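Each chain gets a letter, A, B and so on, in the order its sequence line appears, and its residues count up from 1. Computed from a prediction, not measured in an experiment: that's the story for all the values here.
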Protein chains: 2
Amino acid sequence: MNIGQAADATGVSAKRIRYYEQVGLLKPAERSDAGYRVYEAGDLHTLHFIQRARRLGFSLPQVSELLALWHDQGRSSRNVKAVATRHVEELRSKIDELQSMVDTLTHLAKRCDGDDRPDCPILSDLQRSDS
Amino acid sequence: MNIGQAADATGVSAKRIRYYEQVGLLKPAERSDAGYRVYEAGDLHTLHFIQRARRLGFSLPQVSELLALWHDQGRSSRNVKAVATRHVEELRSKIDELQSMVDTLTHLAKRCDGDDRPDCPILSDLQRSDS
DNA sequence: CTTGACCTTCCCATAATGGGAAGGTCTACG
DNA sequence: CGTAGACCTTCCCATTATGGGAAGGTCAAG
């Protein structure tokens with residue numbers, strides 16, 4: 001199976017597959033005589049795993065950790081949970097940050113008439129000299 | 001006032017000030033005989049504006065729009081509000097995305113014992129063949 | 001005049017892709 | 001057999017907004 005077929009089968013673009021190999025997330029693929037990368041069922045399994053982890057927002061280094069744990073039969077679920085928990089905390093903190101932006105902006109937008117006149121509390125707030 | 005003082009006064013690093021000038025967010029600063037950038041009170045005002053807009057999550061192109069509106073005495077608050085509203089929608093959509101990651105992960109983590117045994121629903125989910 | 005704290009420009013790195021060029025390969029069809 | 005078109009390869013560039021750091025000029029104080 002060539003890279004294009006692996007891409008179609010997993011939803012991971014050929015570009016990404018090559019990149020993952022380059023940064024060490026995937027072991028170098030076998031090559032055909034012509035130098036084409038060749039993939040097996042096991043490789044697709046790994047690509048699916050990476051794809052799902054990425055969809056859950058894990059960074060590539062985190063995905064790398066998860067892959068290592070996945071392959072380690074002697075792992076402790078404690079370690080897996082730790083990676084996930086740390087990530088959830090990062091996500092929550094990012095959400096809080098974005099939410100506070102939303103709160104501020106909706107507050108300001110509510111006070112903005114949004115008509116032809118130039119007066120607007122959004123701009124007034126942005127030009128505030130304090131803070 | 002030199003760039004370092006402007007940076008101290010506004011909380012915008014000298015690096016960032018130069019970058020903002022480079023990408024056209026700030027008009028090129030006046031220069032001293034020695035080629036040093038020289039800033040006035042009005043420039044600090046603009047830097048403060050940019051700083052606050054960035055803290056609210058606006059991208060540099062969006063900040064650029066806001067600056068243009070700010071400088072435009074004949075603006076309609078409608079246009080300002082539109083920029084803010086569009087941004088809020090982007091933020092909300094990002095929040096939803098992150099929140100659904102959090103939901104999935106907390107659901108999985110709750111079921112993970114987090115002890116010395118290797119079994120873990122987090123990994124089981126990631127290796128799922130479907131989806 | 002020297003030292004240290006400034007300033008300048010220029011280049012590199014970040015994260016995780018996508019785009020695209022130049023060139024080799026494979027397959028199917030006439 | 002030859003060729004077109006769909007693959008594949010590697011390599012380089014671009015994205016976003018910022019920081020780090022080098023090499024070299026400037027300024028103020030002692």
Looking at [Y], is its backbone amide N or carbonyl O close enough to the side chain of [X] to form a donor-acceptor pair, meaning the two atoms are under 3.5 Å apart?
X	Y	result
A:Ser13	A:Arg16	yes
A:Gln51	A:Gly11	yes
B:Arg52	A:Asp125	yes
B:Ser64	B:Leu60	no
A:Asp115	A:Arg117	yes

Which pairs count as salt bridge (charged side-chain N to carboxylate O under 4.0 Å, His left out) when at least one residue sits in residues 69-85 of chain A, sequence neighbours excluded?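 Residue pairs with at least one partner in residues 69-85 of chain A: A:Arg78-B:Asp116.
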Could you pull out all residues at least two apart from [X] that satisfy ring-ring contact (aromatic ring centres under 6.0 Å, His included)?
X	value
A:Tyr20	none
A:Tyr36	none
B:His45	B:Trp70

Students should find that the end-to-end axis angle of the helix from C:dC1-D:dG30 to C:dG30-D:dC1, with five pairs defining each axis and rounding to 10 degrees, is 30°
Nearest heavy-atom neighbours spanning B:Ser77 and A:Asp119: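 Result for this residue pair: CB-O, 3.3 Å.
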With sequence neighbours excluded, residues passing side-chain hydrogen bond (donor to acceptor under 3.5 Å, both in side chains) with B:Asp43: B:Lys27
For A:Ser59, enumerate each residue passing the side-chain hydrogen bond (donor to acceptor under 3.5 Å, both in side chains) test, keeping only those at least two apart in sequence or located in another chain.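 A:Ser59 satisfies side-chain hydrogen bond (donor to acceptor under 3.5 Å, both in side chains) with A:Gln62 only.
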Which residue pairs satisfy the ring-ring contact (aromatic ring centres under 6.0 Å, His included) criterion with at least one member in residues 72-101 of chain A, sequence neighbours excluded? A:Phe58-A:His87
For DNA chain D, find the residues of residues 31-44 of chain A with a heavy-atom distance under 4.0 Å and give them by number; none if there aren't any. A:Arg31, A:Gly35, A:Tyr36, A:Arg37
Between residues 18-28 of chain B and DNA chain D, which residues have a heavy-atom gap below 4.0 Å? B:Tyr19, B:Tyr20
Check DNA chain C against residues 85-105 of chain B and give the residues with a non-hydrogen atom under 4.0 Å, in numerical order.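 Those residues whose heavy atoms fall under 4.0 Å from DNA chain C, taken from residues 85-105 of chain B, amount to none.
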Over 12 foreign heavy atoms within 6.0 Å of CD, B:Glu30: no
Side-chain touch B:Met1/B:Leu44, heavy atoms, less than 4.5 angstrom: yes
Reading DNA chain D from 5' to 3', where do the contacts with chain B start and stop? Cut-off is 4.0 Å to heavy atoms. D:dA17 to D:dC27
